[in-house]
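Written below as C-alpha cells is the structure these notes are about.
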Amino acid sequence: ESPFKRRHRIGVERSAWEESSHAQTYRVMEVVSEIKVRYYALLLLQEKERLFEKIAESARAMEAIVRARAELGEAKPLDAIKLRVEVLKAEKESTALRSEMETARESLNALLDNALAPDYSVSGTLAYIPVRIDEEELVERALAAHPLVRAGIERLEQSRSRIGLVKGRRFPDLTLTGFTDSGLDGVNRGVAVSLAVPLWNFRSKEVAEASLLSRASEKELDGLRLDLAKEIRASVRRIRLAEETLSVFDDALLGEVEESLRIAEVSYREGEISLLDFLDSQRTYNSILGDYFQALYDWNAEMAALEKAAGETIR
C-alpha cells in the first residue's frame with residue numbers, strides 16, 4: 001500500500017474509534033443524569049406522601065376532639081364535618097400521589113433495564129449542600145474537554161485525514177506478482193512489480209467533497225461549543241435561582257412555621273381561635289413545606305443537568 005494512503009487511512013480509522021469512545025462516554029453521562037433526576041423525583045414524591053399523611057393524621061386527631069366537644073355542646077357539629085372534609089382531601093391526595101409514585105418507580109426501573117424488583121423503594125432525602133461554582137472556569141474546561149467536544153474534534157481530524165487519504169489515492173500502490181514459466185530451457189520463476197500511473201484522474205471532485213466535509217465539521221464543532229457554553233450558563237442561573245429560593249427556607253423559618261402550627265392546634269383545642277384560623281395555619285404550613293421540598297428537588301435536578309452540560313462531576 002502506498003505510504004501516502006496508509007498513514008491517512010489509519011488516521012481516519014483511529015479518529016472514528018476515538019469519536020465513538022467519546023460519544024459513548026457522553027451517553028453514559030446522559031443516563032447517569034437521567035437516573036439522578038428520576039431518583040430525586042421519587043424522593044420528592046416520598047416527602048409529599050409523608051406530608052399528606054401528617055396532614056391526615058392531624059386532621060383525624062382534631063376531628064375526634066371536635067366530635068367529643070360537639071357532643072358536650074362545647075363545639076359546633078359543623079366544625080367536625082369541616083375537619084372530616086380535610087381528612088378526605090388529604091386521603092384523596094395521598095391516593096393520587098401513590099399512583100404517581102408507582103409511575104415514577106416504573107420509569108426509573110425501565111431506565112435501569114428493569115433490574116429492580118417491581119415493589120422496590122428508594123432511601124435517602126433531598127439535601128442541599130452549597131457548592132462553589134466558577135462559571136467561566138466551568139465553561140472553559142467544558143469547551144476543551146467535554147466528551148461531545150472531544151468527539152467533535154476527532155470528527156474534524158477524521159475529515160482532515162480523509163482529505164489526505166483521497167489525495168494519497170493519486171499515488172498508486174505497487175502490485176507485486178509471482179510467475180512461473182516453463183520453456184525449453186527449463187522452468188523460470190520470478191517476481192514482477194507493476195505500478196499504474198493515472199495520467200488524468202487526480203480525484204479533484206473527491207478532494208473537493210472531502211474539503212467541504214472538513215469545513216462543515218469545523219463549523220459544527222464551533223456551534224457545539226457555543227451551545228454548550230449557553231447551556232452551562234443557563235443551568236448555573238437556574239441553580240442560583242434555586243439557591244436563592246432555598247435561602248429563604250432556613251432552619252429558623254421552618255422551625256417557626258412548625259411551631260406556629262403547633263400553637264394553632266393548642267389554641268383551637270383551648271377555644272382561643274376558630275376552626276377557620278386553625279385550618280389557615282395548617283394550609284400555610286403545608287404550602288411552605290411543599291414549596292421547600294420542591295425547591296430542594298429543583299436544586300438537585302439542576303445540579304444533575306449542569307454536570308451533564310459541563311461534562312464533569314461537580315463537588
Treating Ile, Leu, Val, Met, Phe, Trp and Tyr as nodes and any side-chain heavy-atom pair under 4.5 angstrom as an edge, say whether [X] and [Y] lie in one connected cluster.
X	Y	result
Val122	Leu45	yes
Leu43	Ile35	yes
Ile81	Val87	no
Leu112	Leu42	yes
Val257	Ile263	no

Quick check: do [X] and [Y] have side-chain heavy atoms less than 4.5 Å from each other?
X	Y	result
Arg233	Val139	yes
Asn300	Lys36	no
His8	Arg160	no
Tyr26	His22	no
Glu272	Val266	no
Tyr297	Val37	yes
Asp134	Arg132	yes
Arg215	Ser211	yes

Parallel, tilted or perpendicular: which describes the rings of Tyr292 and Phe249, with under 30° parallel and over 60° perpendicular? tilted
What is the distance from atom [atom1] of [X] to atom [atom2] of [Y], rounded to the nearest 0.5 Å?
X	Y	atom1	atom2	value
Leu254	Tyr285	CG	OH	8.5 Å
Asn109	Glu106	CG	CD	8.5 Å
Gln158	Ser15	CD	OG	6.0 Å
Arg237	Leu306	CZ	CG	12.0 Å
Glu218	Leu213	CD	CG	12.0 Å
Lys230	Ile232	NZ	CD1	12.5 Å

Is the number of heavy atoms from other residues, nucleotides or ligands within 6.0 Å of [atom1] ([X]) greater than 12?
X	atom1	result
Arg50	CZ	yes
Glu57	CD	no
Arg240	CZ	yes
Glu140	CD	no

Between [X] and [Y], which heavy-atom pair has the shortest distance, and what is it?
X	Y	answer
Ala295	Thr245	CB-CG2, 3.9 Å
Tyr120	Leu108	OH-CB, 3.5 Å
Val149	Ala142	CG2-O, 3.6 Å
Val131	Ile314	CG1-CG2, 3.8 Å
Val31	Leu111	O-CD2, 4.1 Å
Ile273	Ala264	CD1-O, 3.4 Å

Donor-acceptor under 3.5 Å ([X] side chain, [Y] main chain):
X	Y	value
Ser21	Glu18	no
Ser281	Asp277	yes
Ser161	Glu157	yes
His146	Ala151	no
Ser235	Glu231	no
Arg225	Leu143	yes
Ser287	Arg283	no

Quick one about Arg38 and Ser107 (side-chain donor to acceptor, distance below 3.5 Å, no hydrogens or angles considered), yes or no? yes
Assess the side chains of Gln282 and Asn286: does a donor N or O sit below 3.5 Å from an acceptor N or O? no
Can [X] and [Y] be counted as an ion pair, charged N to O under 4.0 angstrom?
X	Y	value
Glu13	Arg9	no
Glu258	Lys54	yes
Glu93	Lys48	no

Step-by-step salt bridge (charged side-chain N to carboxylate O under 4.0 Å, His left out) determination, Asp222 to Lys219: CA-CA 5 Å; Asp222 292 340; Lys219 295 298 182 183; 5.1 Å; no
With side-chain contact (heavy atoms from CB on, under 4.5 Å) as the test, would you mind laying out the steps for Tyr128 and Glu243 before giving the verdict? CA-CA 9 Å; Tyr128 168 53; Glu243 288 176 343; 3.5 Å; yes
Take Arg105 and Glu102, measure what salt bridge (charged side-chain N to carboxylate O under 4.0 Å, His left out) needs, and give me the verdict at the end. CA-CA 5 Å; Arg105 274 195 291 267; Glu102 185 63 28; 3.1 Å; yes
Verify side-chain contact (heavy atoms from CB on, under 4.5 Å) between Glu307 and Met29, making sure each step is shown before the conclusion. CA-CA 8 Å; Glu307 289 181 343; Met29 294 178 61; 5.9 Å; no
What's the verdict on side-chain contact (heavy atoms from CB on, under 4.5 Å) for Leu138 and Ile133, showing C-alpha distance, side-chain angles and the deciding distance? CA-CA 8 Å; Leu138 204 60; Ile133 299 175; 4.1 Å; yes
Option passing salt bridge (Lys or Arg N to Asp or Glu O under 4.0 Å) with Arg60 (candidates Glu53, Glu86, Glu91):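 Of Glu53, Glu86, Glu91, salt bridge (Lys or Arg N to Asp or Glu O under 4.0 Å) with Arg60 is met by Glu91 alone.
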Quick one, Thr177 with Val191, criterion side-chain contact (heavy atoms from CB on, under 4.5 Å). Give me CA distance, side-chain angles, the key distance, then yes/no. CA-CA 6 Å; Thr177 58; Val191 176; over 6 Å; no
